[in-house]
Undergrad: 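Got a structure for you, written out below as structure tokens; questions coming shortly.
Residue numbers start at 1 and run along the sequence shown. Here the structure is a predicted model, which is why all the values come from computation and not from measurement.
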Amino acid sequence: MRTIIATMGMLGALACLAVDVRPELAKDGETFVTAALQRAIDDVSAQGGGTVALGAGTYLTGGVYLKDNVTLHLEQGATLLGSTNHVDYPSPVASKRQRAVLSAIDAKNVAVTGQGVVDGRGWASLRKDNAPNRWMVCFFYRCRDVRVEGVTLTNPASWTCYFKECDGVVARKVTISSHANFNNDGFDIDSKNVLIEDCVVDTDDDAICPKSDNPDFVPENIEVRNCRLSSNCNFIKFGTSSRGGFRNCNIHHCTLVPASKSVLRDWQYKLPGVTDPVTGLAGIALEMVDGGVMENIHVHDIVMEGGMQTPILVRLGRRRVHPSGATAVLKDCVIENVVCKSTASYIASSITGVPGLRVQNLVLRNLDLTVKGGCAADEAAKPVPEVEKGYPENRMFNKLPLPAYGFYVRHADGVRFENVKLRYEGVREERRPVVQDDCTDVTFANCDFQKPTKPLPKDAILCEGAYDGHLQGVATDGEAIYWPFTHVIVKTDLKGRVLASTAQPRHQGDCCVHDGLLYVAVNRGKFNQETGAVSEVWAYDTRDLALKNKWKVPELVHGAGGMTWHDGRFYVVGGLPKTHVRNYVYEYTPDFTFVKRHVLETGYTVLGIQTAAFEQGRFLFGCYHDKEFPVRTLVCPSDLGSFEVSSESTDVGVLTLDGRLFCARTRKAGPRSWGGFLVPAKIR
């Protein structure tokens, strides 16, 4: 059915007869409507332009082409469902990538609007990086005045929405959700005079991606603002394709958050320091490697809430040479007003050229970056390869931890750090904040960089991460290490890499492992006081740290602090008020029936015993100490009939690994966070 509406200039640029068409199409999602929908679009365009509107329903289609002065409007509840067969997407452009559910070629005044959905069902195509015969959701080529507004674009087999060599583009309040296949970029922008605003983009590949494929066409005057971006690759990325270059681009007031899911990437198995299965590569990436010129790029007012491995990547390389013989240029760019908490990997931000190609005049202003700490100096001592022709990404330097935790700068002239704050999370970070290599005129104004930590002792084992509360103890079952912090229990492998964790209310204490369970002494208040302590033991499954059981141990009237297992019995210890001159060890059956209180006539230990372990044939009780009583460890035989003293500190825990004794240590990692590590120890 067709209705003639007596309004003129409905599409803005031309005064033309506006036609509102609601074609009668099958809405069952099973009957192809491609031909009928294309006829409706062609007819409206032939009559001077107007709107083709689809009401609520599901419309199955192959490739459809918008024509001059036509708006395709998808009403609330309307879904345009893409075919799952690539032959239903014929392409007039000689490129395996330029098939799409909706396309426009050499058209003017075209639009896709409404509250409906275009679903490419790209999961049905071959799932392989850069695989052939895949299709996008939207593709606009050499068009003038393009508008995409309000709609949801989802599940392409390749890129989601590609503007190629267009002039005049607006994308507003668009939602993109693309996790169906590899190369699922959000907006790919190879056009001039572009505005993208108020959009939500959640993608497996790059979210906002200006590109430059044609050496004779330079994308310029691009603005992206007020968008919420998520990615499992790069969140804001200029390139990789950069043959013509980029000029006068402004990306600002955007929020970067972790992607909703990661189906294909598995970065946690591929990159150093990555433990989160949902994480992207770089928050902001300026990549110029194909011979064009990048200049006057301004990225500012960006909040990175997490999910990126590297905050900033700036790369100038020579993957390709411009047909004229010119080499790539990257100059006069500004990145400012960026707040980032990026603790997903050890791969630092970098600003790098290659020999003969130098980054020029880059300003980094008002940055507040918190990154993941944890690298030893020797881990970052390997030479950083040039990889002049390599694919530009944060992991391009052989996945190495770079020499700096903040910025590694090489082959650059005129880089200015102004009001830049650099912080790291973790108990160790031995790399310097900024490292320069073959640079000139690198300046710093009003910068605040956290100092690196001193190296840990030789053979130390570091618990990965930083946590709310001190380390309270340590235990092992020979396959994993268990680290109870005040508010969280962490399970790592024997090298300190996190395997699992569980948050718990305070106050976790020392622990031991027996028969597949992790037993933790728990104090629920009034520790080291004469009355009122609530002492318990909690048991967790060692496989996943699921809580399995709880027991009250009211005999520990001053609070439970530590525990161990020996010869069919649990032994639990706790704190004391300073007035006490004896120390107590409480013995329990496997079901925590109280057996006996053992008394150690120590004379005085500061606030009692904090940790307990039975290692190498004797009990080791870790105590706080002061100048009056410098005892740090009580060494007792298995019958607890006597004790000796040692100056080795075990007040944070002790265990044996491969026949070697290790003591636990806690280390401040930030204003409200701590970490833990083990060091070899000798206790006589």
Side-chain angles (χ1 to χ4, degrees), residues 129-130 156 158-162 176-179 181-190 196 199-213 219 222 224 227-242 246 249 251-252 254-267 270-271 274 276 278-290 294 297 299 302-317 319 330 333 335 338 340-342 344-345 347-352 369 371 387 390-397 399 402:
D129 193 32
N130 293 313
S158 181
W159 297 343
T160 308
C161 189
Y162 184 18
I176 288 179
S177 177
S178 297
H179 292 276
N181 212 313
F182 285 94
N183 311 111
N184 272 184
D185 289 5
F187 286 111
D188 290 281
I189 309 162
D190 190 351
I196 295 179
C199 294
V200 176
V201 183
D202 181 0
T203 62
D204 181 75
D205 214 309
D206 307 323
I208 296 290
C209 192
K211 290 186 176 294
S212 179
D213 280 336
I222 297 169
V224 179
C227 292
R228 186 175 179 87
L229 308 176
S230 304
S231 173
N232 289 319
C233 288
N234 299 282
F235 293 71
I236 298 168
K237 172 184 169 183
F238 284 79
T240 299
S241 178
S242 50
F246 308 95
C249 301
I251 298 182
H252 61 100
C254 293
T255 301
L256 280 50
V257 301
S260 61
K261 56 186 173 181
S262 180
V263 180
L264 304 170
R265 296 298 168 179
D266 294 327
W267 296 127
K270 301 174 182 177
L271 297 176
V274 177
D276 193 332
V278 181
T279 180
L281 301 178
I284 299 169
L286 308 183
E287 301 175 356
M288 203 66 206
V289 295
D290 295 329
M294 176 185 289
I297 308 301
V299 183
I302 305 295
V303 176
M304 303 184 190
E305 295 184 354
M308 61 290 303
Q309 299 158 16
T310 301
I312 296 170
L313 171 71
V314 178
R315 176 63 173 175
L316 175 63
R319 183 176 66 167
L330 196 163
C333 298
I335 299 173
V338 176
C340 172
K341 184 174 182 180
S342 171
S345 84
I347 304 177
S349 296
S350 61
I351 302 164
T352 60
L369 309 183
V371 300
V387 285
Y391 189 87
E393 281 189 341
N394 68 333
R395 67 189 193 277
M396 66 185 298
F397 302 111
K399 304 178 184 177
L402 295 173

Undergrad: Working to the nearest 0.5 angstrom, can you tell me the gap between Ile347 CD1 and Ser342 OG?
TA: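 One gets 10.0 Å once the value is rounded to the nearest 0.5 Å.
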Undergrad: Could you pull out the closest heavy-atom pair between Leu369 and Pro311, with the gap in Å?
TA: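 Shortest heavy-atom contact: CD1-CB, 4.3 Å.
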Undergrad: Report yes if the side chains of Ser158 and Pro156 come closer than 4.5 Å at any heavy-atom pair, otherwise no.
TA: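 They are not in contact (no side-chain heavy atoms under 4.5 Å apart), so the answer is no.
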Undergrad: To the nearest 0.5 Å, tell me how far Ile284 CD1 sits from Met304 CE.
TA: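 Going from the CD1 atom of Ile284 to the CE atom of Met304 covers 3.5 Å.
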Undergrad: Once rounded to the nearest 0.5 Å, what's the spacing between atom CG of Asp190 and atom OG of Ser212?
TA: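 If we round to the nearest 0.5 Å, Asp190:CG and Ser212:OG are 5.5 Å apart.
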Undergrad: Between Glu305 and Leu256, is there a donor-acceptor pair closer than 3.5 Å when you use the side chain of the first and the backbone of the second?
TA: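 Not a single qualifying donor-acceptor pair exists.
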Undergrad: Measure the shortest side-chain to side-chain distance between Met294 and Cys333 over non-hydrogen atoms and say whether it is less than 4.5 angstrom.
TA: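 In short, these two side chains touch, coming nearer than 4.5 Å.
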Undergrad: Do Asp185 and Thr203 have side-chain heavy atoms sitting under 4.5 Å apart?
TA: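 Not touching, per the 4.5 Å side-chain cut-off.
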Undergrad: Tell me, please, which residues at least two apart from Arg265 pass salt bridge (Lys or Arg N to Asp or Glu O under 4.0 Å).
TA: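 Only Asp204, Asp205 meet the salt bridge (Lys or Arg N to Asp or Glu O under 4.0 Å) criterion with Arg265.
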Undergrad: Do Ile302 and Ile236 have side chains that get closer than 4.5 Å, going by heavy atoms?
TA: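 SC-SC contact between Ile302 and Ile236 confirmed.
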Undergrad: Answer yes or no: is there a side-chain heavy-atom contact under 4.5 Å between Val387 and Phe397?
TA: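 Side-chain contact under 4.5 Å: yes.
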Undergrad: What closest approach, in Å, do Ser231 and Cys233 show between heavy atoms, and which atom pair accounts for it?
TA: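 Of all heavy-atom pairs spanning Ser231 and Cys233, the closest is OG-N, 2.7 Å.
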Undergrad: Please give me the minimum heavy-atom distance between Phe246 and Ser241, naming the atom from each residue.
TA: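 Taking Phe246 first and Ser241 second, the nearest heavy atoms are CZ-O, 3.8 Å.
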Undergrad: Do any N or O atoms from the side chain of Asn234 and from the backbone of Leu281 form a donor-acceptor pair under 3.5 angstrom?
TA: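 No.
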Undergrad: Mind checking whether Leu271 and Ser345 have side chains closer than 4.5 Å, heavy atoms only?
TA: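 With C-beta onward as the side chain, the pair stays apart.
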Undergrad: Between atom OG of Ser230 and atom NE2 of His179, what is the distance when rounded to the nearest 0.5 Å?
TA: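 Here the rounded value is 7.5 Å.
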Undergrad: When rounded to the nearest 0.5 angstrom, what is the spacing between NZ in Lys237 and CG in Asp188?
TA: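 If I round to the nearest 0.5 Å, the distance is 9.0 Å.
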Undergrad: Evaluate the side chain to side chain contact (heavy atoms under 4.5 Å, CB included) criterion for residues Trp159 and Cys209: first the C-alpha distance (whole Å), next the side-chain angles of each, then the deciding distance (0.1 Å), finally the verdict.
TA: CA-CA 10 Å; Trp159 297 343; Cys209 192; over 6 Å; no
Undergrad: Sequence neighbours left out, what passes ring pair (Phe, Tyr, Trp, His ring centres under 6.0 Å) with Phe235? Give chain and number order.
TA: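 Phe235: no ring pair (Phe, Tyr, Trp, His ring centres under 6.0 Å) contacts found.
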Undergrad: For a quick test of reading the model, state the closest non-hydrogen atom pair linking Thr310 to Ala348 and the distance between them.
TA: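 Result for this residue pair: CG2-O, 3.3 Å.
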Undergrad: Which heavy atom of Leu313 sits nearest a heavy atom of Glu287, and at what distance?
TA: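 That would be CD2-OE2, 3.6 Å.
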Undergrad: Please list, chain by chain and in numerical order, all residues satisfying salt bridge (Lys or Arg N to Asp or Glu O under 4.0 Å) with Asp213, sequence neighbours excluded.
TA: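 Result, salt bridge (Lys or Arg N to Asp or Glu O under 4.0 Å) vs Asp213: Lys164.
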Undergrad: Measuring only between side-chain heavy atoms, which start at C-beta, is Phe238 closer than 4.5 Å to Met288?
TA: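 SC-SC contact between Phe238 and Met288 ruled out.
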Undergrad: Do Cys254 and Val224 come close enough that some side-chain heavy atom pair is under 4.5 Å?
TA: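 A side-chain contact exists here, since the closest heavy-atom pair is under 4.5 Å.
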Undergrad: When rounded to the nearest 0.5 angstrom, what distance separates CG in Leu264 from CG in Asn184?
TA: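 It comes to 8.0 Å.
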Undergrad: State whether a side-chain donor-acceptor pair under 3.5 Å links Thr255 with Arg228.
TA: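 No, Arg228 and Thr255 have no side-chain donor paired with an acceptor closer than 3.5 Å.
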Undergrad: Can you name the closest pair of heavy atoms from Thr240 and Val289 and give their distance?
TA: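 It is O-CG2, 3.9 Å.
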Undergrad: Could you go through Arg395 and Gln309, starting from their C-alpha distance and side-chain angles, then the distance that decides it, and tell me whether this counts as side chain to side chain contact (heavy atoms under 4.5 Å, CB included)?
TA: CA-CA 10 Å; Arg395 67 189 193 277; Gln309 299 158 16; over 6 Å; no
